[in-house]
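Nothing here was measured: the structure is a model prediction, and the numbers come from that model.
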Amino acid sequence: LAQRGGGLVGRRERALAVAGLVGVVAFVATPGTAAGPDGDPVQFALNLRYLTPELALGLALLPRLRPLGAPRRQLWTAGALALLLLLCQRTQTILPSDHRAVGVAGALVVIAAVAGIVVLARRRPQPLALAGTVAAVAIVALAGGWTLQKRYLTHRYTDFAALGPELSTWARAQHHQRIGVVGTGGGFSQYPLYGIDLSNRVRYIAHHGAHGGFTTITRCAEWRAAVDAGRYDYVLITPHVDLWTFAPLSQSSLDESTWVHDPAAHVVLDYGSNELVRLSGPLDVHGCPAGA
């Protein structure tokens with residue numbers, strides 16, 4: 001890309017290309033981008049989103065490549081990218097099947113829009129006709145986007161795999177509740193707990209510090225005091241695991257599910273390694289198990 005003969009046109013473009021390449025190298029060199037157990041980097045596909053700025057920069061610079069200066073080559077390149085977009089939306093496996101269908105439909109709309117722009121550019125239409133076409137496309141895009149947004153807001157988190165369908169169903173029926181969470185599962189899967197109208201207050205139970213930092217509470221009495229201070233209506237307890245390897249952390253001996261046992265605590269859901277508890281009053285900080 002940096003060669004004068006067959007690369008980008010100007011110095012700014014070449015500088016941007018180098019910045020993009022540095023970002024790609026940083027992505028590959030960062031351990032967390034392929035997180036997961038040894039030999040099974042299950043987080044790689046999900047973490048590809050961190051390459052979005054570099055990919056967007058590369059696509060923006062693509063038309064400035066000297067070899068693509070000819071109109072016919074530009075058309076072939078646009079067609080290849082459109083086909084790649086369609087294949088990516090059709091074959092991706094991260095999102096549910098109904099989301100893949102929406103992605104394919106969106107890719108087809110993009111392809112049709114690009115094709116329409118090419119046709120209009122060749123025919124050189126009158127300004128009024130061009131403005132009408134652009135307005136029509138904008139109206140269709142806004143109507144379709146509003147419909148998709150409404151559907152998403154109505155059905156979001158109906159079956160959030162990270163928390164399980166039981167908890168997702170429960171959370172959608174809650175309003176104006178204070179919910180405390182603890183453990184890895186509760187830490188990165190809080191979103192459904194906010195409820196369908198986002199009226200619930202959700203907070204991770206820990207020692208909170210400056211700039212959003214926090215440390216794990218390792219003693220039962222301190223943990224119960226933090227729960228009481230939060231005035232929570234519910235507490236969700238999930239295991240402590242390493243997000244890179246999914247192995248139990250050294251602090252996995254922490255047993256919040258035992259610490260929460262109190263006359264004021266009532267189990268609402270108990271599935272797998274997760275436990276949802278309803279609190280009818282403060283926890284007794286002096287009632288912790290011996291040595292906890």
- Distance from E13 atom CD to L57 atom CG, nearest 0.5 Å? 10.5 Å
- Query: What distance do L148 atom CG and W146 atom CH2 have between them, rounded to the nearest 0.5 Å?
  - Reply: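 CH2 of W146 is found 11.0 Å from CG of L148.
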Report yes if some heavy atom in the side chain of [X] is under 4.5 Å from a heavy atom in the side chain of [Y]; otherwise report no.
X	Y	value
H207	E222	yes
R178	Y234	no
V22	V25	no

Main-chain N/O of [Y] paired to [X] side chain as donor or acceptor, under 3.5 Å:
X	Y	value
Y204	G183	yes
T238	N274	no
R203	G230	no
N200	Q177	yes

- Query: Should we count CG of L59 as having more than 12 external heavy atoms under 6.0 Å?
  - Reply: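 Atom CG in L59 is crowded, with more than 12 foreign heavy atoms closer than 6.0 Å.
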- Item | Atom CZ of R201: over 12 foreign heavy atoms under 6.0 Å | no
- If you measure only the distance, is there a donor-acceptor pair under 3.5 Å linking the side chains of H175 and D197? yes
